[in-house]
Amino acid sequence: MSKQIVLLMMMVTISVMPGIQCMELKAGKWGVSVKSEKETVTNLQFYFHDTLSGQNPSAIQVAQPLDKNKSTLTMFGSIMMADDPLTETSDPKSKLVGRAQGLYGSSCQREIGLLMALSFSFTDGPYNGSSFALMGKNSAMSPVREMPIVGGTGLFRMARGYALAHTVWFDPTTGDATVGYNVTLHH
């Protein structure tokens, strides 16, 4: 009897649903959007290159703790301003798809944890001129970190979602890093 009720409910639901139309939007190898009548879900896969060293760093320190000796291991209190390139692959010379601009700071005393406040702005393909905002904790030493998406502009207006980040390469001497991002946006 319960199977019949479930089947009947499914049939009624399907019969009253308007036809669902879908549209797919692709951006090379790094992005795809699937749009339905109600909302679009976009999945992006790109690489973030944070360079602290050399003559043209993409991130610089703008604040530091008063007593640097107390926060040596975690850099607690340090704040960085970033304008990091985003590329299609982990190779820094691969196709540029956008930039991550904003700041991140060491917000943890007992672990290497960063508070990230960045705008990921895209310059390639159908997402050119669109951006999303990421705001949250990045436990940098974890293999995979999840951070919230809290808004967006352009095609990503009113976005919400999450970003999964994993470090591909890190130089402990300079602090330079390449981080892979897999982002799911609902907008």
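In what follows, residues are counted from 1 in the order of the sequence shown. Hydrogens, waters and symmetry mates play no part in the numbers below; they use all other heavy atoms, side chains included.
Between T51 and D176, the side chains place no donor N or O within less than 3.5 Å of an acceptor N or O (distance only, hydrogens not considered). If you check the side chains of S58 and H49, you find no donor sitting under 3.5 Å from an acceptor. In this structure, a donor-acceptor pair under 3.5 Å is absent between the side chains of S78 and Q64. For the 3.5 Å distance criterion, the side chains of T89 and S94 qualify, holding a donor opposite an acceptor.
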Could you give me the CA-CA distance, side-chain angles and deciding distance for R145 and T167, then say whether side chain to side chain donor-acceptor pair (under 3.5 Å) is met?
CA-CA 9 Å; R145 289 88 70 193; T167 303; 3.1 Å; yes
Between L44 and L185, does the side-chain contact (heavy atoms from CB on, under 4.5 Å) criterion hold? Intermediate values first, please.
CA-CA 8 Å; L44 305 172; L185 301 170; 4.2 Å; yes
Would you please test S33 and T42 for side chain to side chain donor-acceptor pair (under 3.5 Å) and show each step?
CA-CA 4 Å; S33 296; T42 299; 2.6 Å; yes
Stepwise side-chain contact (heavy atoms from CB on, under 4.5 Å) test for V183 and F132:
CA-CA 10 Å; V183 178; F132 66 80; 3.9 Å; yes
Verdict with reasoning, Y104 to N138, per side-chain contact (heavy atoms from CB on, under 4.5 Å)
CA-CA 9 Å; Y104 60 89; N138 179 350; over 6 Å; no
Derivation of the side-chain contact (heavy atoms from CB on, under 4.5 Å) call for L52 and M80
CA-CA 9 Å; L52 310 178; M80 307 293 287; 3.4 Å; yes
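For the atom pair L115 CG and S107 OG, the distance stands at 5.0 Å (nearest 0.5 Å). The CD atom of Q109 sits 12.0 Å away from atom CG of L73, with the distance rounded to the nearest 0.5 Å. Rounded to the nearest 0.5 Å, atoms CG (L114) and CG (D50) are 9.0 Å apart. Distance check: M81 CE to L118 CG gives 10.0 Å after rounding to the nearest 0.5 Å. Rounded to the nearest 0.5 Å, atoms NZ (K29) and CD (Q45) are 12.5 Å apart. Remark: Q101 CD to L86 CG distance equals 8.5 Å, nearest 0.5 Å.
Contact record, Y127 with G31: OH-C, 3.8 Å, taken as the closest heavy-atom pair. Scanning both residues, P148 and G136, for their nearest heavy atoms gives CD-CA, 4.0 Å. The two residues A177 and F170 come nearest to each other via the heavy atoms CB-CD1, 4.0 Å.
When side chains are defined from C-beta on, N182 counts as touching N43, because their heavy atoms get closer than 4.5 Å.
Legend: residues meeting salt bridge (charged side-chain N to carboxylate O under 4.0 Å, His left out) with D124, ordered by chain and number and at least two apart, are K95. Remark: V168 engages Y47, S90, H166, T178 in a side-chain contact (heavy atoms from CB on, under 4.5 Å) (not counting sequence neighbours). Scored by the side-chain hydrogen bond (donor to acceptor under 3.5 Å, both in side chains) test, S142 finds no partners at all (sequence neighbours excluded). Among residues two or more places apart in sequence or in another chain, the ring pair (Phe, Tyr, Trp, His ring centres under 6.0 Å) test is passed with F48 by Y181. When the salt bridge (charged side-chain N to carboxylate O under 4.0 Å, His left out) test is applied to R99, the partners found at least two apart in sequence or on another chain are D83. Remark: H186 engages E39, V41, R160, T184 in a side-chain contact (heavy atoms from CB on, under 4.5 Å) (not counting sequence neighbours).
A salt bridge links K137 to E111: at least one charged side-chain nitrogen sits closer than 4.0 Å to a carboxylate oxygen.
Ring geometry, F156 versus F122: the interplanar angle exceeds 60°, so the pair is classed perpendicular (tilted spans 30 to 60°).
Formation of a donor-acceptor pair under 3.5 Å by the S139 side chain with backbone atoms of M141 is not found in this model. Side-chain atoms of T74 come within 3.5 Å of backbone atoms of F76 as a donor-acceptor pair (strictly under, hydrogens ignored).
When the side chains of ILVMFWY residues are joined at heavy-atom separations under 4.5 Å, either directly or via intervening members, V150 and L134 end up in two distinct hydrophobic clusters.
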